[in-house]
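Count residues from 1 along the sequence. Everything numeric in this text was worked out from a predicted model, so none of it was measured.
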Amino acid sequence: MPSILLTNDDGVYARGLFFLKQALEKIADVTVVAPERNQSAVSHKITMHKPLRIHEAVLGDGTVGFACSGTPADSVRIGLSTVVDSRPDLVVSGINAGHNMGVDTHYSGTVACAREAVIQRLPAVAVSTIYPTLAGDRLEDIWQSTAQIASEVCQKVLVNGLPDKTLVNINTPGLLYDQYKGIRLTRMGSRNYTLHAIEREDPFGRNYYWPAGNGPIDEHIEETDVGAVASGYVSVTPLTIDPTGYAELEQLTQWDWEAR
């Protein structure tokens with residue numbers, strides 16, 4: 001039976017991870033290594049100047065996973081080096097509470113877990129769905145639906161593999177399984193936020209700031225992750241860890257690099 005290392009950025013006790021674990025256990029042996037607390041939007045931060053700790057964590061079904069004192073990416077790094085007996089066949093990260101589309105993929109600890117796995121030369125899948133406050137009383141059903149479709153995609157990855165330096169980023173709409181219109185292979189779309197800082201004063205007269213903003217502001221272009229999810233499709237986006245802009249590189253070769 002294949003083996004999967006399961007992780008996330010919402011913390012080892014997150015319900016989304018629990019639903020994904022249940023679905024993946026039908027196709028693989030699953031080991032959970034995840035942050036001991038929520039670390040959303042920490043991106044690909046890793047710990048270098050202090051020790052990390054791993055301790056057992058009893059999950060919602062009574063099984064034992066492992067909690068890491070570090071970041072989401074740390075959980076993958078230390079999980080691969082200390083917890084699993086051999087290299088897993090696949091690393092899966094999720095289910096994230098909130099979509100990771102467009103620029104979110106740069107901020108996301110969920111996607112960073114998958115990216116770290118790819119850096120370690122392992123195939124990886126990141127999974128996200130609607131933010132819980134937008135799901136109402138259907139949240140657990142949406143998690144189950146997302147877990148089921150993620151398991152199906154993971155099966156395809158286990159059978160077919162992935163291109164080198166590539167991860168798969170899955171985003172599902174806030175719908176039940178039989179309400180999905182289908183799966184779309186997509187590119188990364190356009191998602192932006194209006195950001196500002198709320199200034200306040202502490203009891204000692206010193207200013208401090210709460211980062212705040214509005215959004216996301218999405219462009220619903222059909223062939224993108226943002227557009228697919230808005231139209232009721234599951235978005236499956238291949239992301240590469242090579243960020244080189246090859247078309248832009250070609251454009252820059254036209255500049256006169258001898259002139260100073």
**OP:** Indicate yes or no: at least one non-hydrogen side-chain atom of Pro238 is less than 4.5 angstrom from one of Leu185.
**Re:** no
Original post:
Around Arg138, counting heavy atoms of other residues, nucleotides and ligands shown, do more than 12 lie under 6.0 Å from its CZ?
Top reply: yes
Subject >> Electrostatic pair Arg184-Glu222, nearest N-O below 4.0 angstrom >> reply: yes
Original post:
Between the side chains of Asp61 and Thr63, does any donor sit under 3.5 Å from an acceptor?
Top reply: yes
Original post:
Do the side chains of Gln144 and Gln22 get nearer than 4.5 Å, heavy atoms only?
Top reply: no
Original post:
Looking at Ala73 and Cys113, what are the two nearest heavy atoms and their distance?
Top reply: N-SG, 4.3 Å
Original post:
Under 4.0 Å between a Lys/Arg side-chain N and an Asp/Glu carboxylate O for Glu25 and Lys21?
Top reply: yes
Original post:
Side chains of Val12 and Val32: does their closest heavy-atom pair fall under 4.5 Å?
Top reply: yes
**OP:** Quick one: list whatever passes salt bridge (Lys or Arg N to Asp or Glu O under 4.0 Å) with Arg77, sequence neighbours left out.
**Re:** Glu116
**OP:** May I ask you to list the residues sharing a hydrophobic cluster with Val159, side-chain cutoff 4.5 Å, ordered by chain and number?
**Re:** none
**OP:** May I ask whether Ile46 and Ile78 are part of the same hydrophobic cluster, defined by side-chain heavy atoms of I, L, V, M, F, W, Y residues being less than 4.5 angstrom apart, directly or through others?
**Re:** no
Subject >> Note, His44 side chain near Val111 side chain (heavy atom, < 4.5 Å) >> reply: no
Subject >> Close side-chain approach of Asp9 and Val42, heavy atoms under 4.5 Å >> reply: no
Original post:
Between Leu20 and Leu90, is there a shared hydrophobic cluster once you connect ILVMFWY residues whose side-chain heavy atoms come closer than 4.5 Å?
Top reply: yes
**OP:** Please determine if Arg121 and Asp164 form a salt bridge, counting it only when a charged side-chain N lies under 4.0 Å from a carboxylate O.
**Re:** yes
Subject >> Co-members of the apolar cluster containing Ile198 [side chain, <4.5 Å] >> reply: Tyr208, Trp210
Subject >> Atom of Ile183, atom of Ile149 and distance for their closest heavy-atom approach >> reply: CD1-CD1, 3.9 Å
Subject >> Whether Thr31 side chain and Leu5 backbone form a donor-acceptor pair below 3.5 Å >> reply: no
Original post:
Taking side chain as C-beta onward, heavy atoms only, is Ile27 less than 4.5 Å from Cys154?
Top reply: yes
Original post:
Any side-chain heavy atom of Tyr180 sitting closer than 4.5 Å to one from Thr172?
Top reply: yes
**OP:** Look at the side-chain heavy atoms of Ile, Leu, Val, Met, Phe, Trp and Tyr, link any pair under 4.5 Å apart, and say whether Ile4 and Val157 land in one connected group.
**Re:** yes
Original post:
Please walk me through it: do Leu17 and Asp10 pass side-chain contact (heavy atoms from CB on, under 4.5 Å)?
Top reply: CA-CA 8 Å; Leu17 180 143; Asp10 289 329; over 6 Å; no
Original post:
If we ignore angles and hydrogens, is there a donor and acceptor under 3.5 Å between the side chains of Ser93 and Thr110?
Top reply: no
**OP:** State, yes or no, whether a side-chain contact exists between Ile130 and His99 at a heavy-atom distance under 4.5 Å.
**Re:** yes
**OP:** Please say whether more than 12 non-hydrogen atoms of neighbouring residues, nucleotides or ligands are located less than 6.0 Å from OH in Tyr131.
**Re:** no
Subject >> Minimal non-hydrogen separation, Lys45 against Thr71, with atom names >> reply: O-OG1, 2.6 Å
Original post:
Nearest heavy-atom pair of Leu52 and Gly70: which atoms, and what distance?
Top reply: CD2-CA, 3.6 Å
Original post:
So which heavy atom on Val30 is nearest to which on Leu6, and how close?
Top reply: CG1-CB, 3.8 Å
Subject >> Hydrophobic cluster membership, Phe66 vs Val76, 4.5 Å side-chain cutoff >> reply: yes
Subject >> Shared hydrophobic cluster, Tyr13 / Val33 (ILVMFWY, side-chain heavy atoms < 4.5 Å) >> reply: no
